[in-house]
Amino acid sequence: MENRDIARILSETADLMEVAGEDPFRIRSYRNAVQAIDSLNENIADILGNPERKLTEIPAIGKSIAAHIEELCREGKLKRHQELCAKYPPITLELLRLQGLGPKGVEVLLTHFRVQSLDDLERLCKEGKLRELPRMGEKLEQKLLKSIEAYRRITGRYLISVADELATETQQYLLRGPGVQKVTPAGSLRRGKDTIGDIDLLVTGGEPQKVVEYFLRFPKISEVIAKGENKVSVKLREGIQVDLRMLEPENFGAALQYFTGSKEHSVALRTRAKRMGLQLNEYGLFRVSANARVAGRTEKEVYGALGLAYIEPELRENCGEIDAAAEHRLPRLVRLVDIRGDLHMHSTATDGRCSIAEMAHAAKERGLEYIAITDHTKALAMANGLNEKRVLAQIKEIRKIESQMEGLRIFAGMEVDIHQDGTLDLDDDVLSQLDVVVGSVHSYMTISPEEMTDRLLRAFENPCLHIVAHPTGRLLLRREPFGFDLERVLEAAKRRHIAMEINAFPDRLDLCDQHARLCKEKGVKIVISTDSHHTTHLQNMKYGVLTARRAWLEKKDVLNTLPAAEFKKALQRSPAQVR
DNA sequence: GCCGTTTTCGGCCCGACTGTTTTCAGTCG
């Protein structure tokens with residue numbers, strides 16, 4: 001059993017314990033253990049297999065949970081979990097995901113109405129039945145109807161990080177298959193979209209039949225959806241669908257183009273081909289009159305034969321890239337290796353799980369030249385946010401750690417809350433002592449778009465602010481972005497010389513690709529940061545870079561591609577920009 | 001259920017909003 005499966009079952013157990021009204025502190029222990037497992041760098045199976053190691057070495061895992069994990073790895077299931085699953089219907093876990101419903105509400109709905117599905121709940125809300133229950137009323141019914149709609153919209157999609165990991169695992173398994181030479185992910189995963197519907201994998205080499213046979217023995221497969229000569233579709237245990245296609249090398253380029261999409265991009269390409277007397281399909285590019293094959297082995301060949309420069313997958317959304325490729329004015333997209341700094345991360349001082357020194361060493365190991373430690377400020381009480389006094393102490397600590405390290409610049413920063421009225425959560429004289437001030441909205445996210453616009457504009461008036469973190473507050477598959485007048489805010493950001501963040505945390509990816517592209521058009525600089533709460537999160541930078549590439553961003557558009565000293569200089573705001 | 005210790009029990013994050021109440025439970029971040 002893998003870490004992910006163990007974490008999932010423990011997390012479900014915690015959810016169900018909550019519905020059952022068990023001790024909240026016990027439940028929190030389960031959740032802490034889940035977090036610990038999620039951010040673990042090694043396989044639990046390896047620890048169990050090593051007689052010199054103990055699970056209880058892992059912080060947040062004690063005797064009981066260690067026993068649970070051992071039971072899971074031995075039996076493949078957990079008695080405690082199964083008992084709870086028997087007690088509550090399968091819909092319980094989904095109901096808990098709905099905004100506006102917590103464990104108490106779910107428990108009441110289950111016992112009073114015997115809700116078995118989202119449809120059941122939807123009907124009850126529409127018929128106004130919920131208001132029969134204590135502490136439930138019309139507003140809640142309306143809220144839940146909205147939540148159900150939002151939930152339906154997002155189910156069946158996965159965060160790019162989840163799809164990426166599963167695709168990599170599947171790919172590695174396939175590469176060990178008979179005669180397999182190459183396994184290439186295509187589809188929205190290759191285009192770097194923020195959420196992924198299914199995983200497309202293209203395989204070359206080996207006899208298709210034997211490869212299919214081998215693939216169907218992949219232990220993670222839970223269901224075979226379709227099986228043909230050259231194509232297999234399966235569902236993995238995590239629920240995501242994987243489509244496997246076996247290709248001839250001579251078709252590879254055309255097929256890769258076809259299966260990478262997007263659909264809109266491919267349609268535009270085929271239209272262009274047709275106008276040139278050519279036909280493009282997944283098997284190649286053909287001259288219709290001569291019935292002859294023109295290209296197909298590589299994508300470059302296909303694009304070239306269509307009179308186009310090679311178009312990077314991230315740009316293939318039919319948003320101007322084909323014209324740009326024809327006129328040889330495609331951007332030189334920013335790359336992961338261009339990134340020199342990471343300007344948003346947390347430490348144990350607030351809700352991070354590693355010390356400043358641990359974060360710094362991990363960043364240096366990843367080849368970064370500079371970082372900023374940006375813990376939360378006091379308004380975020382749930383994260384133990386820092387007040388002025390603690391901020392000053394942390395600045396001193398950071399200077400000390402930096403002086404003991406070679407080859408890494410550590411900026412003293414803060415992720416300072418932007419209050420409802422647009423003021424910042426720290427005194428200006430403390431803010432002015434920080435190297436990097438990242439401003440964030442974490443509260444009052446449901447105010448009107450007009451109020452949110454005013455709030456951000458007001459925050460920009462603070463001369464200490466440098467960067468706006470996760471500007472729309474969205475949580476992918478969970479929470480919609482809050483609304484504000486983006487154009488107005490970006491114009492102000494340009495005038496005030498304030499940068500916007502692409503938050504690389506896979507749940508956020510905020511700004512999104514389209515918004516980041518608007519920044520470029522408006523001349524607003526971008527900073528790509530990981531918002532790491534653990535050293536393992538530093539690797540999420542690649543998802544932020546993918547989003548930046550989808551936004552057509554080049555190295556010069558992204559401030560943290562600059563060397564440390566130049567970056568610091570680039571943050572500075574002139575008196576005119578502050579006024 | 002975990003952790004730290006003032007070392008085997010007691011503390012564990014908590015303020016604010018929302019909607020439903022008529023003094024506050026549930027949810028959220």
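Residue numbering restarts at 1 for every chain, and letters A, B, ... go by the order of the sequence lines. No experiment lies behind these values; they were computed from the predicted model shown. Only heavy atoms go into these numbers, but all of them, side chains included; no hydrogens, no water, no symmetry mates.
In this structure B:dT8 sits in no base pair that meets the Watson-Crick or G-U test at under 3.5 Å.
If you take CE of A:Met382 and P of B:dC28, they are 12 Å apart, rounded to a whole angstrom. Taking atom CZ of residue A:Arg479 and atom C1' of nucleotide B:dC28, one finds them 10 Å apart after rounding to whole Å. Whole-Å rounding puts the A:Ile27 CD1 to B:dC13 P distance at 14 Å. Following rounding to the nearest Å, A:Leu380 (CG) and B:dG29 (P) show an atom-to-atom distance of 12 Å. For the pair A:Glu141 CD and B:dT20 C1', the interatomic distance rounds to 13 Å; values are reported in whole Å.
Using a 4.0 Å heavy-atom distance criterion, A:Pro59 is classed as a sugar-phosphate-only contact. A:Leu101 comes within 4.0 angstrom of sugar-phosphate atoms only, judged by non-hydrogen atoms across all strands, and of no base.
Of the P atoms belonging to B:dT6 and B:dG11, the separation is 15 Å, rounded to the nearest Å. Taking atom C1' on both nucleotides, B:dC13 is separated from B:dG29 by 11 Å, rounded to a whole Å. Going from the P atom of B:dA25 to that of B:dT20 covers 16 Å, rounded to whole Å.
For residues 457-508 of chain A, every residue pair satisfying the ring-ring contact (aromatic ring centres under 6.0 Å, His included) rule, not counting sequence neighbours, is listed here: A:His442-A:His470, A:Phe505-A:His537. Contacts classified as ring-ring contact (aromatic ring centres under 6.0 Å, His included) and involving residues 110-151 of chain A (residues at least two apart or in different chains) are not found.
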Using a cutoff of under 3.5 Å, can you pull out all pairs of nitrogen or oxygen atoms linking the protein to nucleotides 15-18 of chain B, with atom names and distances?
unit_1: B:dC17; atom_1: OP1; unit_2: A:Tyr444; atom_2: OH; d: 3.0

Give each protein N/O atom lying under 3.5 Å from an N/O atom of nucleotides 4-12 of chain B, with the pair distance.
unit_1: B:dC12; atom_1: O3'; unit_2: A:Arg28; atom_2: NH1; d: 3.4

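Evaluation of the salt bridge (Lys or Arg N to Asp or Glu O under 4.0 Å) rule for A:Asp427 yields no partner, not counting sequence neighbours.
The one candidate from A:Arg549, A:Lys193, A:Arg550 that meets the side chain to side chain donor-acceptor pair (under 3.5 Å) condition with A:Asp513 is A:Arg550.
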Please list, one pair per line, the donor and acceptor atoms closer than 3.5 Å that link side chains of residues 68-76 of chain A to other protein atoms, with sequence neighbours excluded.
unit_1: A:His68; atom_1: NE2; unit_2: A:Tyr30; atom_2: OH; d: 2.9
unit_1: A:Glu71; atom_1: OE2; unit_2: A:Lys79; atom_2: N; d: 2.8

Take A:Lys542 and A:Asp164, measure what salt bridge (charged side-chain N to carboxylate O under 4.0 Å, His left out) needs, and give me the verdict at the end.
-> CA-CA 11 Å; A:Lys542 61 185 171 190; A:Asp164 187 24; 3.7 Å; yes
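When the side-chain nitrogen and oxygen atoms of A:Arg26 are compared with OP1 and OP2 of B:dG1, one or more of them lie within a distance under 4.0 Å.
Mapping A:Arg131 and A:Thr56 onto DNA chain B via the closest heavy atom, the residue that lands nearer the 5' end is A:Thr56.
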